[in-house]
Amino acid sequence: MQVWIKSLKVEMQVKQNGIELEIRSKDGAEQLGDCYATMTGLIWCRGRKKKENGIKIKWEDFITICSSEERLKAAIKAAKLVKDVQD
C-alpha cells in the first residue's frame, strides 16, 4: 500500500478537521480510499467517498479492537465474514 498525507491541518493537537491520508494500491495506480484521523476518532472512506459519507469509529472503540492481538484478529475475522455491499 502507498499512504499519502493529502492535507495536514494540524497544530500540536489533532483538531476537528484532522489529518487526511490517501490510501493507494501497492503500485499506486488505484486509490483505495481515504482515512481521516480526527479528535473524535477515525473515518474510513472507500474509493472517492466524501468524508461525511465515510464509516466512523470512535477512538474508544478503536482502542478496544486494537487492545490485543486476539481482539484485532477476531475483529478482522468477523469483518471478513460479513458480505460487503459495494456502492
Side-chain angles (χ1 to χ4, degrees):
M1 304 261 170
Q2 292 185 9
V3 179
W4 296 81
I5 297 175
K6 289 176 62 174
S7 64
L8 189 60
K9 301 172 186 168
V10 178
E11 295 178 40
M12 283 297 279
Q13 191 177 34
V14 175
K15 300 293 183 179
Q16 194 162 354
N17 285 335
I19 300 169
E20 181 179 356
L21 301 172
E22 181 177 294
I23 314 300
R24 295 190 154 273
S25 59
K26 287 183 183 182
D27 63 3
E30 181 185 2
Q31 181 179 354
L32 302 175
D34 295 315
C35 183
Y36 298 87
T38 70
M39 64 184 188
T40 57
L42 296 170
I43 304 169
W44 170 248
C45 301
R46 180 187 304 186
R48 298 190 178 271
K49 274 188 183 178
K50 293 186 177 186
K51 184 177 178 180
E52 51 273 5
N53 297 325
I55 298 170
K56 299 169 182 71
I57 183 169
K58 294 179 184 178
W59 285 115
E60 295 83 5
D61 295 334
F62 178 76
I63 291 166
T64 299
I65 290 169
C66 295
S67 63
S68 73
E69 287 287 329
E70 293 78 21
R71 285 183 179 198
L72 179 59
K73 287 178 185 177
I76 292 169
K77 184 177 179 180
K80 288 180 177 181
L81 290 174
V82 176
K83 183 172 169 50
D84 232 0
V85 178
Q86 303 239 350
D87 31 319

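Sequence positions, counted from 1, serve as the residue numbers for this chain. Everything numeric in this text was worked out from a predicted model, so none of it was measured.
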Report yes if the side chains of Ile65 and Leu72 come closer than 4.5 Å at any heavy-atom pair, otherwise no. yes
Spatial distance of atom CD (Glu20) from atom CG (Asp34) [nearest 0.5 Å]: 5.0 Å
Closest heavy-atom pair and its distance - Gly33, Trp44: CA-CH2, 3.7 Å
Are Trp59 and Ile57 connected, step by step, through hydrophobic side chains (Ile, Leu, Val, Met, Phe, Trp, Tyr) whose heavy atoms are closer than 4.5 Å? yes
Those residues at least two apart in sequence (or on a different chain) that pass side-chain hydrogen bond (donor to acceptor under 3.5 Å, both in side chains) with Thr64 are none
What pair of heavy atoms forms the shortest contact from Gly54 to Cys45, and how long is it? CA-SG, 3.7 Å
Roughly how far, to the nearest 0.5 Å, is the CD1 atom of Ile63 from the NZ atom of Lys58? 12.5 Å
Can you tell me how far apart NZ (Lys80) and NZ (Lys77) are? Round to the nearest 0.5 Å. 11.0 Å
Mind checking the OG1-NZ spacing from Thr38 to Lys56? Nearest 0.5 Å is all I need. 9.5 Å
Shortest non-hydrogen contact from Cys35 toward Leu42: SG-CD2, 4.3 Å
Sub-4.5 Å side-chain heavy-atom contact between Tyr36 and Leu21: no
In the single-linkage hydrophobic clustering (I, L, V, M, F, W, Y; side-chain heavy atoms under 4.5 Å), do Ile76 and Val82 co-cluster? no
To the nearest 0.5 Å, what is the distance between CD (Glu60) and OG1 (Thr40)? 9.0 Å
Residue set satisfying salt bridge (Lys or Arg N to Asp or Glu O under 4.0 Å) with Glu30, at least two apart, ordered chain then number -> none
Looking only at non-hydrogen atoms, find the nearest pair between Arg24 and Gln31 and report the distance. NH1-N, 3.5 Å
Can you see which heavy atom on Gln2 is nearest to which on Lys26, and at what distance? NE2-O, 3.3 Å
